[in-house]
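To keep things clear, I will list the structure first and then write my remarks on it.
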Amino acid sequence: MVTTIYITRHGYRANWILDRPVPPPPTGIPADPVLAEHGLEQAEELSVHIAKAVQPRPQQILVSPYYRCLQTATPTARALDLSLCVEPGVSEWLGRPSYDVPPNPAPVKVLKEFFPLIDTNYTPIEPTTFVSETREELHARTARFIAGLIARLDAEQPEIDAVLLVTHAATKIALGRALLQDPERDIRTGTCSLDTYTRIPGSDKWNPVRIGETDFLSKGEEMHWGFENAYAPGSTEDIAARKLGSEPDAIPEMIKPDNAATTAATGDDEDEEVTVYVPLDLSQLSYGAEDASKQLSSQAKLQMVDLDSDRPMFRLGEALYEGSWQDMVGTELYSTFDGDVVAKTRTRIQLNPIGFEAKPETPETTGGGDEGSNAKTPAAPEVGTKRKQTLVEKLALITKRRLEEEKAKQAALAEREENLEKEDEEEDEEDEEFGGEEEDDKNDEEEENDEDGDVVMKESTPGTTST
């Protein structure tokens with residue numbers, strides 16, 4: 001029978017450090033960041049504490065399917081010689097009303113490639129991760145999971161005395177409240193903090209032995225979050241507010257004119273300098289490259305045009321890119337190397353390489369033509385022979401293409417207006433024809449009335465008599 005449940009939160013995330021680049025998520029999911037080096041150190045400290053100072057030791061580890069939680073749980077699993085059971089029941093609280101790209105975790109088969117200790121035979125109590133949960137739905141989900149976990153362990157694995165749940169801040173709170181049957185209980189949620197709950201003998205109630213324990217961590221409690229916080233746990237807004245010690249209004253919003261990422265200048269002087277932050281997504285250039293560092297020089301020249309359009313164009317080094325505005329999941333912050341937050345945005349420009357089929361080489365050779373002629377004629381190009389286009393040629397092709405698109409757009413608009421005018425003229429003609437037919441019908445009626453000897457009343461004019 002299970003008598004002890006331990007609950008911990010993942011370690012310090014890499015995207016919480018604002019003064020250095022964020023490593024790309026190995027799973028390729030934007031909302032699945034890795035731990036920072038400090039977070040990995042916390043995970044090691046947690047494992048040492050559990051292995052040496054905790055009794056009874058966990059005999060099963062259930063982990064949220066997000067990368068940072070699996071990173072946190074791995075040192076403890078190794079220390080205790082246990083496998084990792086991926087359990088959506090302790091997954092992240094994804095509480096936004098909607099997502100442009102639902103931040104669902106990677107499948108277990110994918111995660112297994114990164115974390116060999118995952119037990120692929122484990123059957124989850126909650127089968128899926130829930131997106132766009134309300135706070136009430138989160139508490140209902142965790143209560144359902146806790147009840148199912150205890151029932152399963154008691155019935156199917158009575159030899160297990162203690163389990164460890166590795167989860168997230170909001171879920172850690174909700175799980176504790178479910179165990180204590182107290183929907184308002186205050187629970188500390190620092191990174192890698194540990195909660196210990198023990199079962200009261202002979203009942204379905206649990207005691208909170210320790211909540212938010214962090215004495216074993218070298219830096220103590222960090223990044224506590226509660227439902228009273230204005231932002232989602234660990235969101236970029238949350239990190240910025242902690243760093244600035246201020247409300248969100250202190251962080252300048254990057255808004256694209258028609259979505260341009262810009263901070264507004266102060267004052268009414270037209271000559272006043274305006275700072276523009278342009279977030280560029282180079283994922284197609286770097287993430288998939290075998291040697292990304294050679295793809296782009298840090299000294300490469302950057303030029304841009306049409307930033308206020310839907311398709312701004314960029315020159316990066318000797319390459320050309322066409323931009324497209326993309327909405328992001330969450331908010332991205334921009335800071336100086338000193339860590340001072342200067343702007344934030346929910347949009348970025350994805351750079352798409354512009355490529356054209358290069359013209360084949362046309363080398364000239366002597367011979368051919370009239371007999372005795374020394375004129376040179378171009379030889380047939382070898383199949384597949386191409387030459388590298390110059391930047392000027394690429395720009396000319398882009399300009400030509402855009403002009404053709406604009407011309408086609410204008411032609412379509414003119415054709416539409418012409419069709420509308422024709423429709424209006426046809427309607428006017430139909431109205432006139434219909435009106436003439438009515439007049440003819442009226443005259444025919446009057447003639448018929450005269451023939452029948454009926455009196456016909458006509459409008460009189462001054463000095464005349466109507467009969």
Side-chain angles (χ1 to χ4, degrees), residues 5-17 31 33 35-36 38-43 45-47 49-50 54 61-73 76 87 89-96 129-130 133-139 141-143 145-146 163-197 206-243 330:
I5 295 179
Y6 303 104
I7 306 177
T8 189
R9 183 188 179 191
H10 60 77
Y12 205 96
R13 287 163 40 169
N15 62 331
W16 291 349
I17 301 176
L35 293 182
H38 176 49
L40 295 173
E41 292 170 357
Q42 288 181 315
E45 291 174 335
L46 174 66
S47 71
H49 174 69
I50 291 177
V54 166
I61 302 177
L62 277 61
V63 192
S64 163
Y66 285 93
Y67 201 92
R68 55 193 179 275
C69 288
L70 287 158
Q71 282 183 296
T72 302
T76 300
E87 174 54 67
V90 297
S91 185
E92 176 70 287
W93 177 42
L94 304 172
R96 281 177 54 186
T129 296
F130 298 86
E133 277 184 314
T134 63
R135 188 184 302 185
E136 292 73 20
E137 288 171 336
L138 167 67
H139 282 79
R141 184 240 297 180
T142 52
F145 163 75
I146 284 292
V163 296
L164 171 65
L165 312 180
V166 185
T167 184
H168 310 260
T171 314
K172 184 173 183 280
I173 296 172
L175 288 167
R177 290 175 174 178
L179 280 168
L180 300 177
Q181 300 177 24
D182 181 356
E184 302 297 327
R185 180 62 183 255
D186 182 29
I187 293 175
R188 303 301 296 180
T189 63
T191 48
C192 282
S193 62
L194 186 64
D195 302 343
T196 303
Y197 300 90
W206 294 74
N207 274 329
V209 179
R210 287 180 297 274
I211 301 294
E213 182 184 6
T214 57
D215 294 345
F216 55 88
L217 298 174
S218 57
K219 293 190 177 180
E221 182 183 83
E222 296 177 273
M223 295 300 296
H224 165 71
W225 181 92
F227 285 106
E228 68 278 1
N229 289 49
Y231 308 109
S235 66
T236 46
E237 295 97 332
D238 181 28
I239 305 306
R242 292 171 190 270
K243 186 166 186 63

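Along the sequence shown, the residues carry numbers beginning at 1. Keep in mind that the numbers below use all heavy atoms, side chains included, and drop hydrogens, waters and symmetry copies.
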Where the side chain of N207 meets the backbone of V209, is there a donor-acceptor pair that is under 3.5 Å apart? no
Indicate yes or no for a side-chain donor-acceptor contact from Q42 to the backbone of Y12 under 3.5 Å, with no hydrogens or angles considered. yes
R185 backbone acceptor or donor facing R177 side chain under 3.5 Å: yes
Please check if any side-chain donor atom of S218 sits under 3.5 Å from a side-chain acceptor atom of E45, or the reverse. yes
What's the spacing between D186 CG and I211 CD1 if we round to 0.5 Å? 9.5 Å
Residues forming a side-chain hydrogen bond (donor to acceptor under 3.5 Å, both in side chains) with T167, sequence neighbours excluded: none
Out of R135, E133, R141, which one pairs with E137 under the side-chain contact (heavy atoms from CB on, under 4.5 Å) rule? E133
Atom pair OH/CZ of Y6 and R210 - distance to nearest 0.5 Å: 7.0 Å
Any donor-acceptor pair under 3.5 Å from Q71 side chain to L35 backbone: yes
Might you point out which heavy atoms bring H38 and K219 nearest each other, and give the distance in Å? CE1-CD, 3.7 Å
Atom CD1 of I50 and atom CG of L164: how far apart are they, to the nearest 0.5 Å? 5.0 Å
Option from D195, V90, I5 for which side-chain contact (heavy atoms from CB on, under 4.5 Å) with L175 holds: V90
For E92 and L94, indicate whether the former's side chain and the latter's backbone hold a donor-acceptor pair under 3.5 Å. no
Find the distance between CZ (R9) and CG (L46) and round it off to the nearest 0.5 Å. 13.5 Å
List the steps, then state whether side chain to side chain contact (heavy atoms under 4.5 Å, CB included) holds for W93 with I173. CA-CA 11 Å; W93 177 42; I173 296 172; over 6 Å; no
Side chain to side chain contact (heavy atoms under 4.5 Å, CB included), that's the test. Do L165 and T171 meet it? Break it down for me. CA-CA 10 Å; L165 312 180; T171 314; over 6 Å; no
Derivation and outcome, side chain to side chain contact (heavy atoms under 4.5 Å, CB included), residues I146 and W206: CA-CA 12 Å; I146 284 292; W206 294 74; 5.9 Å; no
Please give me the minimum heavy-atom distance between C192 and T72, naming the atom from each residue. SG-CG2, 3.9 Å
Sequence neighbours excluded, which residues qualify as ring-ring contact (aromatic ring centres under 6.0 Å, His included) partners of Y67? F114, F115
Looking at side-chain heavy atoms only, is the closest gap between I7 and L179 below 4.5 Å? yes
If I compare all heavy atoms of H10 with all of C69, which pair ends up nearest, and what's the gap? CB-SG, 3.9 Å
If we ignore hydrogens and angles and just use 3.5 Å, is the side chain of T8 paired with the main-chain N or O of S193 as donor and acceptor? yes
Any sub-3.5 Å donor-acceptor pair from W225's side-chain atoms to A170's backbone N or O? no
On a heavy-atom basis, the closest approach of Y197 and G176 is OH-CA, 3.3 Å
When you measure from the side chain of T214 to the backbone of L217, do you find a donor-acceptor pair of N or O atoms at a distance under 3.5 Å? no
Of all the heavy-atom pairs spanning T191 and W16, show the shortest one and how long it is. CG2-CZ3, 3.5 Å
In short, G190 meets E221 closest at the heavy-atom pair CA-CG, 4.0 Å
